[in-house]
Amino acid sequence: MRDTTLYQNLLYAYEQAVAVAGTGNPLPAWNELTPFDQSWVDETNRKNSEEKIKLEVELKTYTSNMIKESIRMAHRDLAEFHRSMGDYQTALKHYAKLREYCATSQHVLDMCLSVLELLLEQRNYAHIPTYVFKAEPALDATTNSLRNSNQGPTATQAPLGKEKIAAEREKVQSKLDLATALSHLGQGAYEKAAGSFLKIGPIKALGDWAKTVVAPSDIAIYGTLCALASYPRSAIKSHVLNNASFSVYIEQEPYVREVVEAYMASKFKTVLDILERNSTRHMVDIHLSSHVQNLVHLIRSRALVLYFQPFASIKLESMSLAFGWTPEYLEQQIVGLIQAGEIQARVDKQNRILQAKRTDQRAALFARAMKAGSEMQATNRKLLLRMRLQQADLVIKAPTKPQQSNLGHSGEMHQSDPYR
């Protein structure tokens with residue numbers, strides 16, 4: 001570990017947590033757990049300084065000698081060094097410089113993947129799509145290069161099979177899909193995030209990212225919560241439950257399948273209880289914590305809409321039992337959904353009944369007929385106007401292409417006169 005600043009920040013954060021806990025729920029002091037190791041901090045800072053000087057000298061040497069590949073590797077080493085120290089801005093600057101010295105599409109692809117890892121560590125979700133966009137053409141070029149290397153007598157290496165090439169492409173594409181999904185999640189685009197999570201390849205395709213970036217069980221949680229918050233029930237069944245590749249991720253976290261099956265069976269009290277039991281884990285997740293409340297609110301709202309959908313009227317008491325809430329709290333939630341236009345109903349406060357709004361089918365039919373008649377009348381007017389314009393020869397025609405110049409027998413250029 002090189003990042004001494006992270007070590008000191010961790011100590012400060014723990015001291016703040018001890019102060020907030022107070023006497024009600026006391027936490028042991030930091031010194032009781034482990035003493036602050038100032039000697040380790042000083043020694044690590046000294047080694048970091050020596051390593052930085054060494055890498056910078058190598059970069060200057062390669063730059064003066066104009067060795068392009070060595071310059072690229074020197075920038076890569078400096079970027080990884082600053083990243084290990086927690087200096088993400090300097091690391092990103094060296095990765096950007098590295099792009100100038102990339103000689104092949106594979107170099108560009110490696111650079112983009114390294115930057116994506118860095119941005120995910122920073123939780124800089126807005127810039128992730130930029131590097132995904134740069135990586136996709138590099139991935140196509142790399143795949144085509146591997147295919148072409150298998151053809152012709154000039155191949156110097158053992159040819160790769162089609163399955164091997166497809167597997168290599170799937171590894172990179174899965175990482176790009178994961179980065180895109182986390183970017184959508186970080187920016188609150190839950191429906192897009194669910195689509196990206198659900199199309200990620202198998203766990204083995206993620207390679208080292210499954211250990212260093214996001215665990216497979218976390219992918220199951222992210223994808224399922226985003227799907228429950230944004231997908232209709234039919235899409236959840238087809239894209240989540242019947243998704244063979246995503247089912248492998250769900251198996252990594254058993255309670256995720258319980259949530260989905262309870263949601264599909266309209267056991268909404270069970271769904272909310274499971275989410276509440278696992279709320280602590282969700283709140284300490286670096287990518288999910290800031291979205292937990294919003295996701296749970298969306299899932300709760302969709303559950304209320306689905307539960308009331310088949311009824312013309314229902315007592316608030318029976319509905320509150322189905323969700324495990326008090327009638328007063330249920331009434332607040334329903335009023336909010338009515339005001340938002342999610343539920344077309346009204347609350348009978350005296351009789352404690354939720355009644356769906358009755359639609360006058362006869363009036364609705366007349367309204368649709370009048371709208372269709374108005375649209376047809378407007379279309380006919382436009383057709384008649386066009387016919388009259390054509391009869392009066394007032395239609396602007398597309399210009400004809402000018403004739404090309406012709407070379408005469410005497411070698412002179414003769415151009416046609418457009419006014420002749």
Looking at every heavy atom in both Leu176 and Ala135, which two are closest together, and how far apart are they?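 Taking Leu176 first and Ala135 second, the nearest heavy atoms are CD2-CB, 3.8 Å.
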
Mind checking whether Phe268 and Phe323 have parallel, tilted or perpendicular rings, split at 30° and 60°?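 If you compare the ring of Phe268 with that of Phe323, the planes turn out parallel.
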
Indicate the ring-plane relationship of Tyr222 and His287, choosing parallel, tilted or perpendicular according to the 30° and 60° boundaries.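 Ring orientation of Tyr222 relative to His287: perpendicular.
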
Validation row: [X], [Y] side chains within 4.5 angstrom (heavy atoms):
X: Asn278; Y: Ile274; result: yes
X: Leu55; Y: Leu59; result: no
X: Leu119; Y: Tyr88; result: no
X: Val108; Y: Lys134; result: no

Distance-only donor-acceptor pairs under 3.5 Å for side chains of residues 201-213, two or more places apart:
from	atom 1	to	atom 2	distance (Å)
Asp208	OD1	Lys175	NZ	3.3
Trp209	NE1	Glu117	OE2	3.2
Thr212	OG1	Asp208	O	2.9

Is it true that [X] and [Y] make a salt bridge, defined as a side-chain N closer than 4.0 Å to a carboxylate O?
X: Glu261; Y: Lys267; value: no
X: Glu168; Y: Lys164; value: yes
X: Lys47; Y: Glu50; value: no
X: Glu253; Y: Arg281; value: yes
X: Lys60; Y: Glu56; value: no

Test item: [X] side-chain N/O and [Y] main-chain N/O as donor-acceptor pair under 3.5 Å:
X: Arg302; Y: Ser230; result: yes
X: Thr44; Y: Val41; result: no
X: Ser49; Y: Asn45; result: no

Calculate, to the nearest 0.5 Å, the distance between atoms CG and CE belonging to Asn48 and Met85 respectively.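 Rounded to the nearest 0.5 Å, the CG-CE separation comes out at 4.5 Å.
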
If you count the non-hydrogen atoms of other residues, nucleotides and ligands that lie under 6.0 Å from [atom1] in [X], is the total more than 12?
X: Tyr329; atom1: OH; answer: yes
X: His282; atom1: NE2; answer: yes
X: Gln293; atom1: CD; answer: no
X: Arg388; atom1: CZ; answer: no

Looking at residues at least two apart in the chain, or sitting in another chain, which of them share a salt bridge (charged side-chain N to carboxylate O under 4.0 Å, His left out) with Arg169?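 Result, salt bridge (charged side-chain N to carboxylate O under 4.0 Å, His left out) vs Arg169: Asp140.
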
My understanding is that only residues two or more places apart in sequence, or in another chain, count here; which of them pass salt bridge (charged side-chain N to carboxylate O under 4.0 Å, His left out) with Lys52?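 Not a single residue meets the salt bridge (charged side-chain N to carboxylate O under 4.0 Å, His left out) criterion with Lys52.
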
Using the test ring pair (Phe, Tyr, Trp, His ring centres under 6.0 Å), find all partners of His184 that sit at least two apart in sequence or belong to another chain.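 If we apply the ring pair (Phe, Tyr, Trp, His ring centres under 6.0 Å) test to His184, skipping adjacent residues, there are no hits.
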
Checking side-chain contact (heavy atoms from CB on, under 4.5 Å) against Val214, which of Ile219, Ile286, Ile200, Leu120 comes through?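 Output: one option passes, namely Ile219.
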
What side-chain donor-acceptor pairs closer than 3.5 Å can you find for residues 371-387, not counting sequence neighbours?
from	atom 1	to	atom 2	distance (Å)
Ser374	OG	Met370	O	3.0
Thr379	OG1	Glu375	O	2.9
Asn380	ND2	Met376	O	3.3

Using atom types as modelled, flag every donor-acceptor pair under 3.5 Å from a side chain in residues 191-199 to any protein atom, sequence neighbours excluded.
from	atom 1	to	atom 2	distance (Å)
Ser196	OG	Lys192	O	3.2

